[in-house]
Amino acid sequence: MPEIFQMDRVDRVADILYGVAVGQGLIEYGPLARRIGMQPHHLGHPLDQVSRRAAAKGEPLWSALVVGKETRRPHVGFYGLARGLRPEYAHLDDEYLWEKERDRCYAAAR
């Protein structure tokens, strides 16, 4: 019987976000959701898992690269998660926190 490889959505999201980082870009929630066959409002769990897995491995929080169409910033949940996973972010304002983590993504993908 041939072996079947099946990638879960969290792995797929992580791979997509790494590609976004290589291009030093950002991706909106809608296009990301379409690429993995989900509705944008269901991305919270996969993005949370991507960030938790990355933090556990000492990698950047790849979810920093996912932004809203209107705001061009991550949704509010990203900031709380980042502060919970990275204690050094506890007292940073949202803009500076996002800049630091986004830059970590870009540097890691070089």
Side-chain angles (χ1 to χ4, degrees):
M1 174 188 283
E3 194 173 315
I4 298 173
F5 175 77
Q6 185 173 13
M7 181 182 278
D8 76 6
R9 283 187 170 143
V10 174
D11 291 334
R12 178 95 171 103
V13 169
D15 285 347
I16 292 167
L17 295 180
Y18 182 82
V20 170
V22 167
Q24 295 196 351
L26 301 170
I27 189 169
E28 294 173 2
Y29 290 93
L32 175 60
R34 282 191 295 280
R35 288 185 65 182
I36 63 167
M38 292 184 82
Q39 294 294 317
H41 61 277
H42 289 241
L43 280 174
H45 178 72
L47 289 173
D48 180 85
Q49 292 304 303
V50 165
S51 292
R52 290 181 187 283
R53 285 184 187 180
K57 294 188 283 186
E59 296 177 359
L61 307 180
W62 302 108
S63 59
L65 304 178
V66 187
V67 297
K69 183 177 183 177
E70 303 298 322
T71 65
R72 303 298 299 160
R73 300 283 184 268
H75 288 164
V76 67
F78 165 76
Y79 301 101
L81 179 64
R83 287 184 178 100
L85 294 173
R86 302 215 189 281
E88 66 269 27
Y89 289 170
H91 301 292
L92 298 181
D93 67 48
D94 288 353
E95 190 67 26
Y96 188 59
L97 179 158
W98 181 50
E99 177 184 328
K100 285 183 67 76
E101 200 59 33
R102 190 179 62 231
D103 289 347
R104 287 186 73 201
C105 292
Y106 297 155
R110 284 189 201 122

When you compare the side chain of L26 with that of R102, does any pair of heavy atoms fall below 4.5 Å? yes
Looking at H91, I'd like to know if its NE2 atom is crowded, meaning that more than 12 non-hydrogen atoms belonging to other residues, nucleotides or ligands lie closer than 6.0 Å. no
Heavy-atom count around E88 CD within 6.0 Å, excluding the residue itself: above 12? yes
Gap between atom CZ of R52 and atom CG of L47 - 0.5 Å precision: 12.0 Å
Taking all heavy atoms of A64 and all of C105, pick out the closest pair and write down the distance. CB-SG, 4.4 Å
Do R104 and L61 come close enough that some side-chain heavy atom pair is under 4.5 Å? no
Looking only at non-hydrogen atoms, find the nearest pair between R35 and I27 and report the distance. NH1-CD1, 4.3 Å
Please determine which of K69, R72, R34 meets the salt bridge (charged side-chain N to carboxylate O under 4.0 Å, His left out) test together with E28. R72
Side-chain touch E101/P74, heavy atoms, less than 4.5 angstrom: no
Is there side-chain contact between Y106 and D103, with heavy atoms separated by less than 4.5 Å? yes
Does L43 reach the side chain of I36, with side-chain heavy atoms less than 4.5 Å apart? yes
Tell me whether L85 is reachable from V76 by hopping between hydrophobic residues (I, L, V, M, F, W, Y) whose side-chain heavy atoms are closer than 4.5 Å. no
Do you know which of V67, L92, D93 makes side chain to side chain contact (heavy atoms under 4.5 Å, CB included) with W98? V67
Could you give the distance from OH (Y79) to CD (E95), rounded to the nearest 0.5 Å? 6.5 Å
Kindly give the heavy-atom pair with the smallest separation between R83 and D94, and that separation in Å. NH2-OD1, 2.7 Å
K100 versus R86: any side-chain heavy-atom pair under 4.5 Å? no
Correct closest heavy-atom pair for A108 and P60 would be CB-CG, 3.8 Å
Would you give the length of the straight line joining atom CZ of F78 to atom CG of L65, rounded to the nearest 0.5 angstrom? 8.5 Å
Relative to each other, are the rings of Y18 and W62 parallel, tilted or perpendicular (30° and 60° limits)? perpendicular
Would a 4.5 Å heavy-atom cut-off, applied to side chains only, mark E59 and V50 as touching? no
